[in-house]
Protein chains: 2
Amino acid sequence: MRNLHHPTLKNVPLSVILHALSDPVRLQIVRVLDKHGESCCGGLELGLAKPTQSHHFKVLREAGIIAVRVEGTQRCLSLRKADLDKRFPGLMDAILKAKSPL
Amino acid sequence: MRNLHHPTLKNVPLSVILHALSDPVRLQIVRVLDKHGESCCGGLELGLAKPTQSHHFKVLREAGIIAVRVEGTQRCLSLRKADLDKRFPGLMDAILKAKSPL
DNA sequence: TTGCTTGTTCGAAAATTTTCGAAGCATTAT
DNA sequence: ATAATGCTTCGAAAATTTTCGAACAAGCAA
């Protein structure tokens with residue numbers, strides 16, 4: 001699979017974004033990507049089975065929240081911060097600045 | 001039932017707030033309350049059976065997003081905007097300003 | 001080629017969520 | 001006291017979500 005689909009944010013409903021971010025695991029992924037920048041799937045120590053992680057990556061990608069870049073056998077994940085800021089100004093900043101608990 | 005429980009926002013995890021807001025029906029309720037101010041349950045024309053509406057009101061109340069005031073046989077709903085702004089600055093503004101689709 | 005690394009897809013179980021009819025419960029009106 | 005109003009709770013069906021083992025696929029290395 002060479003090219004993965006990344007939706008245009010314009011077409012993503014707010015409820016889809018909020019749903020994708022409403023899971024503690026996915027919120028954690030987003031925070032790690034914001035803090036450390038682009039990271040490979042394996043670099044995120046989430047304490048979950050690989051298929052489960054893969055599922056969450058897919059939800060985030062299809063919601064337009066993360067971009068996935070193929071590099072050899074690895075997938076490099078990054079936050080689509082600029083796209084998100086344009087579509088929903090202030091949303092990600094508010095979410096990323098929030099204090100724990102998730 | 002005289003006094004309904006309203007959680008202290010400080011104790012509500014972000015994921016709970018986002019989950020409550022991730023349903024299009026509940027997003028619609030929040031938008032109506034923001035636009036029209038305090039409204040009674042019956043005043044929101046949601047096109048859903050009453051038990052279903054009641055369910056969504058409960059989810060929003062238990063997430064700390066709306067306040068419910070008992071007035072006779074009616075329940076008056078309002079957005080806990082100030083509390084939300086304090087706990088998650090900028091979050092509700094970003095959500096309320098978002099363009100359709102929900 | 002063979003094997004190793006990295007991650008996805010398949011299939012399925014368990015949990016959660018959304019929905020609504022029927023019944024119930026305060027409160028107000030008659 | 002009886003009935004009407006406004007909303008909630010109960011019980012249950014249907015849909016969705018979360019999770020993971022097993023199998024699979026693509027790239028890299030020996």
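In the text below, chain A, chain B and the rest are named by the order of the sequence lines, each starting its count at 1. Basis for what follows: all heavy atoms, side chains included, without hydrogens, waters or symmetry-related copies.
Side chain of B:Arg75 to backbone of B:Cys40: no donor-acceptor contact under 3.5 angstrom is found. A donor-acceptor contact shorter than 3.5 Å is absent between the side chain of B:His6 and the backbone of B:Gly64.
In this entry the distance linking CZ of A:Arg75 with C1' of D:dC28 reads 14 Å, nearest Å. In this structure, B:Phe57 atom CZ and D:dT8 atom C1' are separated by 11 Å, rounded to whole Å. Distance CD (A:Gln53) to C1' (C:dT8): 12 Å, rounded to an integer number of Å. As rounded to whole Å, 16 Å separates atom C1' of D:dT8 from atom CG of B:Leu60. Remark: C1' of D:dA26 and CZ of A:Arg69 are 17 Å apart, rounded to the nearest angstrom. Note: NZ (A:Lys58) to P (D:dT16) measures 15 Å, nearest angstrom. The distance between atom NE2 of A:His5 and atom P of C:dT8, rounded to the nearest whole Å, is 17 Å. Taking atom CG of residue A:Leu77 and atom P of nucleotide C:dT6, one finds them 14 Å apart after rounding to whole Å.
Annotation: the span from B:Ile66 atom CD1 to B:Arg26 atom CZ amounts to 10.5 Å, rounded to 0.5 Å.
Taken together through direct or relayed side-chain contacts under 4.5 Å among Ile, Leu, Val, Met, Phe, Trp and Tyr, A:Leu14 and B:Val25 form part of one hydrophobic cluster.
Checking the phosphate oxygens (OP1, OP2) of D:dG6, no side-chain nitrogen or oxygen of B:Thr73 falls inside 4.0 Å.
Listed by first and then second residue, the side-chain hydrogen bond (donor to acceptor under 3.5 Å, both in side chains) pairs that reach into residues 78-98 of chain B are B:Arg80-B:Asp83, B:Lys81-B:Asp85, B:Lys81-B:Asp93, sequence neighbours excluded.
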Enumerate all atom pairs, one protein N or O and one N or O from nucleotides 17-21 of chain C, separated by less than 3.5 Å.
unit_1: C:dT18; atom_1: OP1; unit_2: B:Asp23; atom_2: OD2; d: 3.3
unit_1: C:dT18; atom_1: OP1; unit_2: B:Arg26; atom_2: NH2; d: 3.4
unit_1: C:dT18; atom_1: OP2; unit_2: B:Arg26; atom_2: NH1; d: 3.2
unit_1: C:dT19; atom_1: OP2; unit_2: B:His56; atom_2: NE2; d: 2.6
unit_1: C:dC20; atom_1: OP2; unit_2: B:Ala49; atom_2: N; d: 3.2
unit_1: C:dC20; atom_1: OP2; unit_2: B:Thr52; atom_2: OG1; d: 2.7

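The minimum heavy-atom distance linking A:Leu27 with A:Leu21 is given by the pair CD1-O, 3.4 Å.
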